[in-house]
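Working notes, beginning with the structure itself.
Bear in mind the structure is a predicted one, so any value in this text is a computation, not a measurement.
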Amino acid sequence: TLQKYLLGLVKELPESYAQNTIKYTQATQPSATTTTTVPAAVNKTIISNSFDSGLQNWSARGEATVELNSDSSYSGKSLMVSGRTMEWHGALLDVSSELEVGKTYSFSAAVLQQSGNAADIQLSLQQGDGSDAVYTSIAKVNAKSGEWTKLENTSFTVPDNAGDMML
């Protein structure tokens, strides 16, 4: 069907395919054009953690501890971080095998802090290790105490810094 469509023998593709296509038109002569139809990019979930089935490779960073919590959860269970004594202490996930330098990704998380005051919460990408690490902010939000807040960046491009990647 696709070949017949490209040759002009059929006027449209089946609806299920036609909805997932993008048309590119390129001028070949002042009076003629060539149209090529290719499938549209498909969004693919790379990391999705509900924490209902465990910590899912998240670990503690610094002196913090991470554990599952079902008392205060957005939906099901949540990842609770406690014992932080410095700003950089928190939860850590190795994403070296999931993310690619130069590619753009969408990140979102439901976050809750219960300090009694509004506080900034940030999702960062660490690239490199030890003293050579580079930190890039992915998303930051000022969250009210006791309220679930969406932390999100729908268009983050991974920088070309060398090294392992950790969220």
Side-chain angles (χ1 to χ4, degrees), residues 16-24 37-167:
S16 62
Y17 186 83
Q19 289 175 345
N20 294 320
T21 61
I22 299 173
K23 290 186 179 181
Y24 296 95
T37 304
V38 297
V42 176
N43 291 332
K44 177 181 158 187
T45 300
I46 297 173
I47 302 166
S48 178
N49 297 144
S50 68
F51 303 109
D52 288 338
S53 62
L55 293 176
Q56 301 178 349
N57 297 320
W58 286 87
S59 61
R61 179 180 177 86
E63 296 176 16
T65 59
V66 294
E67 60 186 321
L68 296 177
N69 183 342
S70 55
D71 295 333
S72 295
S73 63
Y74 185 76
S75 173
K77 294 181 183 177
S78 63
L79 180 70
M80 184 171 92
V81 178
S82 59
R84 296 178 66 205
T85 57
M86 299 187 78
E87 186 178 271
W88 59 272
H89 294 173
L92 175 74
L93 179 66
D94 185 340
V95 292
S96 298
S97 62
E98 284 85 8
L99 303 184
E100 293 182 43
V101 168
K103 294 220 174 172
T104 301
Y105 299 90
S106 177
F107 291 87
S108 67
V111 296
L112 172 71
Q113 61 88 13
Q114 298 176 319
S115 68
N117 298 307
D120 288 335
I121 298 178
Q122 179 169 282
L123 177 63
S124 298
L125 178 68
Q126 173 190 325
Q127 288 175 276
D129 51 19
S131 61
D132 294 332
V134 175
Y135 301 89
T136 306
S137 177
I138 295 173
K140 187 175 187 177
V141 67
N142 187 267
K144 293 180 180 178
S145 181
E147 291 184 19
W148 284 97
T149 305
K150 189 174 193 175
L151 176 66
E152 179 176 53
N153 182 343
T154 59
S155 184
F156 176 78
T157 302
V158 177
D160 61 357
N161 302 316
D164 295 333
M165 291 185 270
M166 307 285 180
L167 285 181

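- Here Trp88 pairs with nothing under the ring-ring contact (aromatic ring centres under 6.0 Å, His included) rule; sequence neighbours left out.
- We find the CG-CD1 distance between Leu125 and Ile138 to be 5.0 Å, quoted to the nearest 0.5 Å.
- Applying the side-chain hydrogen bond (donor to acceptor under 3.5 Å, both in side chains) rule to Ser97 yields no partners; only residues at least two apart in sequence or on another chain are considered.
- The side-chain hydrogen bond (donor to acceptor under 3.5 Å, both in side chains) search around Ser70 returns none, not counting sequence neighbours.
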Sequence neighbours excluded and cut-off under 3.5 Å, please list the side-chain donor-acceptor pairs for residues 49-60, or say none.
| residue | atom | partner | partner atom | Å |
| --- | --- | --- | --- | --- |
| Asn49 | OD1 | Trp58 | NE1 | 2.6 |
| Asn49 | ND2 | Gln56 | OE1 | 2.5 |
| Ser50 | OG | Asp52 | N | 3.4 |
| Asp52 | OD1 | Lys77 | N | 2.7 |
| Ser53 | OG | Gln56 | NE2 | 2.9 |

Distance-only criterion, 3.5 Å: show the donor-acceptor pairs between side-chain atoms of residues 157-167 and protein atoms not counting sequence neighbours.
| residue | atom | partner | partner atom | Å |
| --- | --- | --- | --- | --- |
| Thr157 | OG1 | Thr104 | OG1 | 2.6 |
| Asn161 | ND2 | Gln127 | OE1 | 3.3 |

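- A distance of 10.0 Å separates CG in Leu93 from CG in Leu123, rounded to the nearest 0.5 Å.
- The side chain to side chain contact (heavy atoms under 4.5 Å, CB included) check on Asn142 picks up Ala118, Asp120, with sequence neighbours excluded.
- Partners of Thr154 according to the side chain to side chain contact (heavy atoms under 4.5 Å, CB included) rule, which considers only residues two or more places apart in sequence or in another chain, are Ser106, Glu152.
- Residues forming a salt bridge (Lys or Arg N to Asp or Glu O under 4.0 Å) with Lys144 (at least two apart in sequence, or on another chain): none.
- By the side-chain hydrogen bond (donor to acceptor under 3.5 Å, both in side chains) test, Ser137 pairs with Gln122, sequence neighbours left out.
- Taking every heavy atom of both residues into account, Ala143 and Ile121 meet most closely at CB-CD1, 3.9 Å.
- The minimum heavy-atom distance between Ser115 and Ser145, with the atom names listed, is N-OG, 3.4 Å.
- Judged by distance alone, the side chain of Arg84 and the main-chain N or O of Ala64 form no donor-acceptor pair under 3.5 Å.
- In this structure a side-chain-to-backbone donor-acceptor pair under 3.5 Å is missing from Glu147 to Thr149.
- Applying the salt bridge (charged side-chain N to carboxylate O under 4.0 Å, His left out) test to pairs two or more places apart or on separate chains, none has a residue in residues 54-76.
- The distance from atom OG of Ser78 to atom CG of Asn69, rounded to the nearest 0.5 Å, is 4.5 Å.
- Listed by first and then second residue, the salt bridge (charged side-chain N to carboxylate O under 4.0 Å, His left out) pairs that reach into residues 94-117 are Glu100-Lys103, sequence neighbours excluded.
- Residues satisfying the ring-ring contact (aromatic ring centres under 6.0 Å, His included) test with Phe156, not counting sequence neighbours, are Phe107.
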